[in-house]
Amino acid sequence: MRDLYFRLGIYPTAPEEEIRKAISKCDSVALKADAAAVLLVAARRQSYDRVHETLHNIGTLRANLGLTYGESWIRLESDDFSKHPTYTDSMYDTLVTKLHQVNKKAKINRFTDSIKGFFYGIFRVAAIVTSIAALIWIGSTWESSSSSSQTTTGEHNTSTQSEFNEPKLPLPFSGKVRRFTSQPGVAPLEIKTDSNSHYLVKLEDVTTGKDILDVFVRGGSAVEIDVPFGNYRMKYASGQIWYGYDHYFGPHPLTNYSKAESTFRFYSDGSSIKGYTVTLYRVLDGNLRTSQIGPNQF
């Protein structure tokens with residue numbers, strides 16, 4: 001079953017007049033006929049809306065259980081109800097933090113690598129215990145490279161890290177979204193990264209300055225999410241080691257903060273939904289201009 005609202009670029013709560021306008025602007029003859037036959041007849045639309053809501057909920061359930069968008073997942077063109085994971089609470093981070101507190105008090109030399117899979121307060125935990133030797137090796141490599149540098153920046157980095165004592169946490173999975181609005185996500189946003197850093201990308205409403213959502217992207221990966229219609233400012237924090245949503249990748253300059261100079265407008269022109277593909281590294285003929293910002297501006 002196709003998501004007629006999604007393909008028309010309108011919300012499921014759209015009034016009949018708005019539906020008629022969207023149908024009239026649609027280029028697909030088949031879609032126009034189906035939409036008119038279903039959405040412009042009150043009884044049929046009521047039945048369709050019940051099925052539509054059920055499929056939407058199933059798509060969300062599958063995504064949050066990790067049953068879609070895995071490494072080998074291929075999304076078909078007609079697969080309108082496949083969703084990305086949309087964890088809106090902090091269960092993941094709370095549980096990981098508690099595990100690390102227990103490890104620290106008991107002086108246990110093991111760390112949890114990953115905990116994932118939640119849905120409406122029910123979550124499944126899959127914990128992989130890794131050797132702390134790898135973490136020690138990474139930390140010692142970073143410290144030795146910092147101490148060997150004679151530049152002012154290197155000395156500042158070493159000083160900053162030595163004064164920062166928060167526990168390191170496992171990286172969130174690539175594509176983890178936190179939403180701060182009740183508006184549904186309908187427009188596509190794809191984010192591509194290189195392997196040099198991990199990123200927390202934030203969308204902020206241009207008019208109100210309020211956060212709309214943020215998404216975590218592991219270095220070297222690409223994610224695609226759906227965002228509400230609107231005009232947004234994009235900001236992102238980047239770094240190597242994750243300390244949670246309170247400290248990101250550590251104090252500045254361990255965490256680098258940037259913003260895009262352009263405004264991102266997500267909307268529908270009646271025939272299609274407009275979105276973006278953003279590449280957070282230099283590419284030939286790239287047109288995304290960014291600038292550094294301070295932590296208090298993020």
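What you see below is based on every heavy atom in this structure, not just the backbone, and it leaves out hydrogens, waters and symmetry mates.
- For R44, the side chain to side chain donor-acceptor pair (under 3.5 Å) criterion is met by no residue, not counting sequence neighbours.
- Minimum interatomic distance between G175 and V223 (heavy atoms only, all atoms of both residues): N-CG1, 3.6 Å.
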Query raised in the report: Could you go step by step and tell me if I212 and V227 meet the side-chain contact (heavy atoms from CB on, under 4.5 Å) rule?
Result: CA-CA 9 Å; I212 300 300; V227 305; over 6 Å; no

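- At least one donor-acceptor pair under 3.5 Å links the side chain of Q297 to the backbone N or O of G294.
- Using a 4.5 Å heavy-atom cutoff, the side chains of L189 and D226 are not in contact.
- The nearest pair of heavy atoms linking E16 to L40 is CG-CD2, 3.9 Å.
- Residues E261 and S291 bring a donor and an acceptor atom of their side chains to less than 3.5 Å of each other.
- Taking every heavy atom of both residues into account, P228 and T181 meet most closely at CG-CG2, 4.1 Å.
- Within 6.0 Å of atom CD in E53, 12 or fewer heavy atoms from other residues, nucleotides or ligands are found, so the atom counts as exposed in its surroundings.
- The side-chain tip of R45 does not point at the ring of Y48 from less than 6.0 angstrom away and within 45° of straight on.
- Under the side chain to side chain contact (heavy atoms under 4.5 Å, CB included) criterion, T54 pairs with I58, not counting sequence neighbours.
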Report task. Walk me through it: do S262 and R289 pass the test side-chain contact (heavy atoms from CB on, under 4.5 Å)? Result -> CA-CA 7 Å; S262 304; R289 294 181 176 272; 5.8 Å; no

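- In this structure, R218 forms no cation-pi arrangement with F173, as its terminal cationic atom is not both closer than 6.0 Å to the ring centre and no more than 45° off the ring axis.
- A donor-acceptor pair under 3.5 Å links the side-chain atoms of T193 to the main chain of G220, judged by distance alone.
- None of Y248, F249, Y243 except one satisfies the ring-ring contact (aromatic ring centres under 6.0 Å, His included) rule with F164; the exception is Y243.
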Check residues 201-209 and write down every donor-acceptor pair under 3.5 Å in which the side-chain atom is one partner and the other belongs to a residue at least two apart or another chain.
from, atom 1, to, atom 2, distance (Å)
K202, NZ, F298, O, 2.3
E204, OE1, K235, NZ, 3.2
E204, OE2, R233, NH1, 2.5
D205, OD1, T207, N, 2.8
D205, OD1, T208, N, 2.9
D205, OD1, T208, OG1, 3.3
T208, OG1, K210, N, 3.2

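- Checking each of Y199, W242, Y236 against F216 for a ring-ring contact (aromatic ring centres under 6.0 Å, His included) leaves exactly one that passes, namely W242.
- Separation of the F264 and Y276 ring centroids falls under the 6.0 Å cut-off.
- Remark: the S221 side chain and the S174 side chain contain an N/O donor-acceptor pair separated by less than 3.5 Å.
- Between L8 and A35, the shortest heavy-atom distance links the atoms CD1-CB, 3.9 Å.
- H198 places a side-chain N or O within donor-acceptor distance of the main-chain N or O of G219, the cut-off being under 3.5 Å.
- When all heavy atoms are compared, the tightest approach of L288 to T279 is CD2-O, 4.1 Å.
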Report task. Dump the intermediate steps for side-chain contact (heavy atoms from CB on, under 4.5 Å) on F229 and R265, then the final yes or no. Result -> CA-CA 8 Å; F229 289 143; R265 182 188 178 204; over 6 Å; no

Requested in this report: Would you check, one step at a time, whether the test side-chain contact (heavy atoms from CB on, under 4.5 Å) holds for Y5 with H52?
Outcome: CA-CA 9 Å; Y5 296 114; H52 179 275; 3.8 Å; yes

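- Nearest heavy-atom pair across D27 and S271 is OD2-CB, 3.8 Å.
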